[in-house]
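Everything below concerns the one structure shown next.
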Amino acid sequence: LTVIEEELVSIQLTPLSITIPQGNNQTYIATGTYTDNSTSDITNNVNWISSVISVATIVNGTAHSNSMGTSDISANLSGIKSSLAPLTVTAAKLKSIQITPAIASIPHGTAQTYVAIGNYTDGSTVDITNDVNWSSNDTDVVTIVGGFSQSNSSGESYIRANWSGVDSNEAILEVTSAELTSIQITPATASIPKGNNQAYIATGTYTDNSTADITNDVNWSSTNTAIVTIVNGVAQSQTSGTSTISANLSSIDSNIATLTVTAVELTSIQITPATASLPAGNNQNYIATGTYSDSSTANITNEVNWSSTNT
């Protein structure tokens with residue numbers, strides 16, 4: 001009796017038919033059936049064939065998709081051929097979404113722009129910022145539309161994007177207190193006589209469009225301190241001339257205000273004596289003393305216009 005070694009009689013491929021997106025791989029298994037009805041995994045022994053290699057190539061049972069279309073996968077060994085297993089390759093599918101920046105911090109009232117990049121099964125990347133659905137886990141802090149996030153209050157929110165059932169990474173956005181954006185000092189133009197003071201007000205505008213009086217917080221300056229000095233918004237005239245006034249805080253410069261100091265002005269007249277009594281026919285001499293805006297005084301007896309209520 002001669003015993004003949006069992007021989008391969010058929011090859012079965014699995015899966016028999018499948019569809020994958022471009023860029024993905026598909027693993028096949030080749031099962032051999034022998035004359036004694038035994039079976040064996042012969043995936044690594046058979047010769048693999050793809051009918052359209054521009055659509056798919058296959059090595060050791062792993063088919064790699066190259067472009068959209070259909071290719072028939074088959075295997076053979078020892079003159080035995082498998083049945084055909086159609087492999088259909090569709091358009092590449094979205095695999096992951098990456099949003100940037102991953103971490104950001106902005107002052108209240110400002111916005112942060114995000115970009116969403118889609119990674120596809122064929123290895124390509126596409127900007128899908130305007131396609132994804134954006135979300136913020138705390139809309140009291142941040143709202144987001146089309147990748148443009150608007151801060152609503154101080155705090156922290158997590159930003160996400162989703163499209164076609166694919167979720168992005170999670171980005172952290174911190175909203176800090178509103179920051180100073182501009183300083184406006186008033187009055188913009190003023191003229192005072194020598195010796196007088198001029199009060200200024202500094203108003204700060206912030207990133208959330210709020211305003212505040214920051215007169216006592218800013219650093220005041222005068223371009224010509226021989227003419228004008230300024231402390232806490234109060235400008236003191238020193239002599240006639242012109243100086244420009246400005247304020248600065250947190251590296252923010254104000255507008256420029258012009259202050260002109262003119263000659264001293266008469267502020268009051270004192271005549272002496274205040275009370276006098278004399279006999280009819282006699283004379284009484286009076287002196288008129290002028291006090292000026294710079295606190296100086298002068299005898300202006302001969303310059304004033306004198307009058308009597310009962311001539």
Side-chain angles (χ1 to χ4, degrees), residues 18-26 64-65 67-68 88-186 201-219 247-255:
I18 197 164
T19 298
I20 62 173
Q22 184 180 343
N24 273 19
N25 294 334
Q26 176 60 49
H64 179 72
S65 58
S67 64
M68 291 186 290
T88 301
V89 179
T90 59
K93 286 188 177 180
L94 183 64
K95 184 170 62 174
S96 65
I97 301 172
Q98 183 71 27
I99 61 173
T100 54
I103 300 175
S105 179
I106 59 174
H108 179 206
T110 60
Q112 174 66 50
T113 300
Y114 285 88
V115 175
I117 300 297
N119 300 297
Y120 287 80
T121 52
D122 62 353
S124 63
T125 59
V126 179
D127 185 337
I128 55 174
T129 302
N130 295 325
D131 301 310
V132 299
N133 299 309
W134 292 95
S135 65
S136 164
N137 77 319
D138 193 339
T139 54
D140 289 335
V141 175
V142 175
T143 52
I144 185 166
V145 176
F148 186 82
S149 66
Q150 178 62 52
S151 58
N152 302 317
S153 64
S154 298
E156 188 176 84
S157 183
Y158 292 93
I159 305 299
R160 302 179 183 88
N162 173 283
W163 195 38
S164 299
V166 178
D167 294 319
S168 73
N169 58 309
E170 200 171 60
I172 301 173
L173 179 57
E174 179 188 20
V175 179
T176 58
S177 299
E179 292 182 359
L180 183 67
T181 57
S182 66
I183 303 171
Q184 183 70 26
I185 60 174
T186 52
I201 295 175
T203 301
T205 300
Y206 292 81
T207 50
D208 61 353
N209 292 321
S210 63
T211 58
D213 185 339
I214 54 174
T215 303
N216 294 326
D217 302 310
V218 298
N219 300 307
N248 174 283
L249 181 63
S250 300
S251 301
I252 303 296
D253 294 320
S254 73
N255 58 309

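Computed from a predicted structure; not experimentally measured.
Side-chain contact between Leu94 and Trp163: present, with at least one pair of heavy atoms (C-beta onward) separated by less than 4.5 Å. Here the side chains of Val115 and Asp127 are in contact, with some heavy-atom distance below 4.5 Å. Looking only at side-chain heavy atoms (C-beta outward), Tyr120 and Val126 come within less than 4.5 Å of each other.
Summarising the geometry of Lys95 relative to Val166, their closest heavy-atom pair is O-CG1, 3.8 Å, with the distance given to 0.1 Å. Nearest heavy-atom pair, Ala171 versus Pro101, reported as atom, atom and distance to 0.1 Å: CB-O, 3.4 Å. Contact detail for Leu249 and Val218: the closest heavy-atom pair is CB-CG1, 3.9 Å. Residue Ala178 comes nearest to Thr207 through the heavy atom pair CA-OG1, 3.3 Å, listed as atom of the first residue, atom of the second, then distance. Ser65 and Ile20 get closest at one heavy-atom pair: CB-CD1, 3.9 Å. Across Val141 and Ser154, no two heavy atoms sit closer than the pair CG2-O, 4.1 Å.
Using modelled atom types and a 3.5 Å distance limit, the side chains of Asn119 and Ser96 yield a donor-acceptor pair.
The distance from atom CD1 of Ile159 to atom CD1 of Ile103, rounded to the nearest 0.5 Å, is 13.0 Å. Residue Ile214 holds its CD1 atom at 11.0 Å from CD of Gln184, rounded to the nearest 0.5 Å. In this structure, CG in Asp253 is found 4.5 Å from CG in Asn248, a value given to the nearest 0.5 Å. Taken to the nearest 0.5 Å, the NE2 atom of His64 stands 9.0 Å off from the CG atom of Asn24. For the atom pair CG (Asp167) and CG (Asn162), the distance works out to 4.5 Å, reported to the nearest 0.5 Å. Distance check, rounded to the nearest 0.5 Å: CG of Asn130 to CZ of Phe148 gives 13.0 Å.
Side chain of Thr129 to main chain of Ala116: a donor-acceptor pair is present (N/O by atom type, distance under 3.5 Å, no hydrogens or angles). Asn169 contributes a side-chain N or O that, together with a main-chain N or O of Ile99, makes up a donor-acceptor pair within less than 3.5 Å.
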(message) Apply side chain to side chain contact (heavy atoms under 4.5 Å, CB included) to residues Thr19 and Val89 and explain how you reach the verdict.
(response) CA-CA 6 Å; Thr19 298; Val89 179; over 6 Å; no
(request) Show the numbers, then the answer: is there a side chain to side chain contact (heavy atoms under 4.5 Å, CB included) between Ile97 and Ile128? (result) CA-CA 9 Å; Ile97 301 172; Ile128 55 174; 4.0 Å; yes
(request) Let me see the working for Thr181 and Ile252 under side chain to side chain contact (heavy atoms under 4.5 Å, CB included), right down to the final yes or no. (result) CA-CA 7 Å; Thr181 57; Ile252 303 296; 6.0 Å; no
(request) Could you walk me through whether Thr203 and Thr186 pass the side chain to side chain contact (heavy atoms under 4.5 Å, CB included) test, one step at a time? (result) CA-CA 8 Å; Thr203 301; Thr186 52; 5.6 Å; no
Show me the donor-acceptor pairs within less than 3.5 Å that the side chains of residues 105-114 make with the rest of the protein, sequence neighbours left out.
from	atom 1	to	atom 2	distance (Å)
Ser105	OG	Glu174	OE1	3.4
His108	NE2	Asn152	O	2.8
Thr110	OG1	Pro107	O	2.6

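Residue Ile172 places its CD1 atom among more than 12 non-hydrogen atoms of other residues, nucleotides or ligands, all under 6.0 Å distant.
Partner Ser157 forms a side chain to side chain donor-acceptor pair (under 3.5 Å) with one of Ser136, Ser151, Ser149, Ser135 and no other, that one being Ser136.
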